[in-house]
Protein chains: 2
Amino acid sequence: MSSVKLDTKSRIFEATWKLMEDHHGQGVRMSDIAKAAGISRQALYLHFDDRSNLLIATTQYMDEKSGIEEQLQPSRDAPDGKTRLREYIKVMGNHFPNIQGVARALLAIKDTDEAARAAWDERMGAIREGCEAAITMLEAEGNLVKGLSRKVATDLLWVLLSFQNWDQLTNHCDWSSEEYISHIQKQAERSFVAR
Amino acid sequence: MSSVKLDTKSRIFEATWKLMEDHHGQGVRMSDIAKAAGISRQALYLHFDDRSNLLIATTQYMDEKSGIEEQLQPSRDAPDGKTRLREYIKVMGNHFPNIQGVARALLAIKDTDEAARAAWDERMGAIREGCEAAITMLEAEGNLVKGLSRKVATDLLWVLLSFQNWDQLTNHCDWSSEEYISHIQKQAERSFVAR
DNA sequence: TTCCTAACTTGACACGGTGTAAATTGACAT
DNA sequence: ATGTCAATTTACACCGTGTCAAGTTAGGAA
């Protein structure tokens, strides 16, 4: 039973999260986060070794808070591959808006920061597993579209469900979350489910 | 007819291009480019206002050198939508490897640099037009898959053909250029061409 | 020859953001 | 009272970008 007031670490996470959302993951400095959390910039370094560690820890905090694991259960329990695919896409479509700020920030530094790259790849790897599970189920039922190997189908579904594509479609093509989910569900069925 | 030795500006472009390819668009400093071009770092600023302008100018130089415009002609001359789509994907699949270094560098700064963002969006807009042309031709023939509007089909093809997806598939999923082209061609046909 | 100009050089510096270091304070537990 | 822990303040080093000023070099025109 933690105190009613958030402890410092949680305040830092919340501040990071909010600032990243507000600024689309760009131009948020350590001093901004410190100010928003109500501590000094230097105190930030008492809790996190550096900027990338802060971002990585924030993603974990976000995942716990948003309850992504539980939300995935309906997909795991799906009776057939097609349903599993649909459910999985729905969860992702609802998850991306929650994480977009930090995800973009992580994406921006992952090319120069080894730890960030590892964190991002771990995230992407988890999504890939979800894709592979759905494709494998389809294949086992004999419902995977002809002429498509499991590997290639998984790769294709994985990029279709990438954060960057979601970003592009919702922010450049003006798709709503609902449109994203329904259009991508249909696209995935056309692409992977045998008629 | 220009002299046999490249003029300074061209040497800068070539150096930028090569360094960006070699380093995957990351960690290339102005001083590195200057050194590779055989001039002082400050002389770089005599030719380009700043780093982003240099990158933008380099993309234009690359596009001219690689002859992307001419390569697109077979797609424009295609007799039907399905062929147009196939040809377009082939050109893109062969183009991306040439531009990957600079593209990644531009991608990295486009969130903080207004000029870079504009340059990138202009590029992406051009690709989008190609996508729309192919989809429009399919639609006119009555060969666009049922239940898909031109707008949504264009958006989906556009993200399918994005640089980020190409990067993911070739570098994370170990697809060769040939595999990329043939798999994406098939995927596009499954997704957009009515049977 | 002399002069001019353009391209380029060297050296120094300001700025912004990250990360480090040292000394200090205030609260709380033993 | 003593120790410890969280946090504070001040100061500074590092890096890459971009700027500024003054000096050099080569070519062409008078």
Side-chain angles (χ1 to χ4, degrees), chain A residues 2-16 19-20 23-58 102 104-117 119, chain B residues 2-16 19-20 22-58 101-102 104-117 119:
Chain A
S2 52
S3 61
V4 60
K5 287 223 57 156
L6 292 167
D7 63 357
T8 304
K9 215 150 187 163
S10 301
R11 286 204 330 269
I12 294 172
F13 286 140
E14 294 289 340
T16 306
L19 280 177
M20 289 295 173
H23 296 82
H24 298 264
Q26 290 302 320
V28 178
R29 295 158 298 187
M30 293 296 270
S31 53
D32 298 324
I33 296 171
K35 190 182 292 180
I39 60 173
S40 69
R41 183 175 74 91
Q42 285 69 6
L44 227 42
Y45 289 97
L46 297 176
H47 295 274
F48 304 96
D49 283 354
D50 52 32
R51 189 186 150 86
S52 75
N53 273 298
L54 167 57
L55 289 178
I56 292 165
T58 304
V102 181
R104 262 190 285 255
L106 212 51
L107 207 45
I109 62 167
K110 91 177 171 75
D111 295 305
T112 50
D113 186 299
E114 184 51 35
R117 198 197 55 70
Chain B
S2 53
S3 61
V4 60
K5 288 222 58 152
L6 291 168
D7 62 356
T8 304
K9 215 149 188 165
S10 300
R11 288 205 327 273
I12 294 173
F13 286 139
E14 294 289 338
T16 305
L19 279 177
M20 289 294 174
D22 291 351
H23 296 83
H24 299 265
Q26 290 301 318
V28 177
R29 295 159 298 187
M30 293 297 269
S31 53
D32 298 324
I33 296 171
K35 190 183 291 179
I39 59 173
S40 67
R41 184 175 73 91
Q42 287 71 3
L44 228 42
Y45 289 97
L46 297 176
H47 295 274
F48 304 96
D49 283 354
D50 54 30
R51 191 185 146 87
S52 77
N53 273 297
L54 167 57
L55 288 177
I56 292 165
T58 304
V102 182
R104 262 189 286 253
L106 211 51
L107 207 45
I109 61 166
K110 91 177 170 76
D111 295 305
T112 50
D113 186 299
E114 185 50 36
R117 197 197 56 71

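Below, read A as the first sequence line, B as the second, and so on, with proteins coming before strands; counting in each chain starts at 1.
- Of the charged side-chain nitrogens involved, at least one lies within less than 4.0 Å of a carboxylate oxygen, so that A/Asp32 and A/Arg29 count as a salt-bridged pair.
- Taking all atoms of both residues into account, the shortest heavy-atom contact from B/Met30 to B/Leu44 is O-CD2, 3.3 Å.
- Under 4.0 angstrom from either OP1 or OP2 of C/dC8 there lies no side-chain N or O belonging to B/Ser40.
- Taking atom CG of B/Asn53 as the reference point, atom P of D/dT19 lies 11 Å away to the nearest angstrom.
- Between A/His47 and the phosphate of D/dA6, there is no side-chain N or O to OP1/OP2 separation shorter than 4.0 Å.
- Within the 4.0 angstrom heavy-atom criterion, no nucleotide atom of any strand lies near A/Gly27.
- Distance CD (A/Gln42) to P (C/dT24): 17 Å, rounded to an integer number of Å.
- Taking for each of B/Arg41 and A/Asp113 the nucleotide of DNA chain C with the nearest heavy atom, the 5'-most of the two is the partner of B/Arg41.
- Here C/dA6 presents its P atom at 13 Å from CG of B/Leu46, a figure rounded to the nearest Å.
- In this structure, the NZ atom of A/Lys35 is 11 Å from the P atom of C/dG17, given to the nearest Å.
- Across all strands shown, A/Thr8 has heavy atoms under 4.0 Å from sugar-phosphate atoms exclusively, and none from any base.
- Taking the side chain of A/Arg51 as heavy atoms from C-beta on, and the options C/dT18, D/dT19, C/dT9, the nearest nucleotide is C/dT18.
- Taking atom CG of residue A/Leu44 and atom P of nucleotide C/dT18, one finds them 10 Å apart after rounding to whole Å.
- Rounded to whole angstrom, the span from the CD1 atom of A/Ile12 across to the C1' atom of D/dA7 amounts to 11 Å.
- Atom pair B/Asp7:CG and C/dA6:C1' shows a separation of 14 Å (rounding to whole Å applied).
- The interatomic distance linking A/Ile39 (CD1) with D/dA6 (P) rounds to 13 Å, in whole Å.
- Side chain of A/Arg117 to backbone of A/Lys110: no donor-acceptor contact under 3.5 angstrom is found.
- Distance CD1/B/Ile109 to CG/B/Asp50: 8.5 Å, rounded to 0.5 Å.
- Here the side chain of B/Met30 is nearest to one of D/dG18, D/dG16, C/dT20, namely D/dG18.
- B/Arg104 and B/Gln26 make their closest contact through O-NE2, 4.3 Å (heavy atoms, listed as atom of the first residue, atom of the second, distance).
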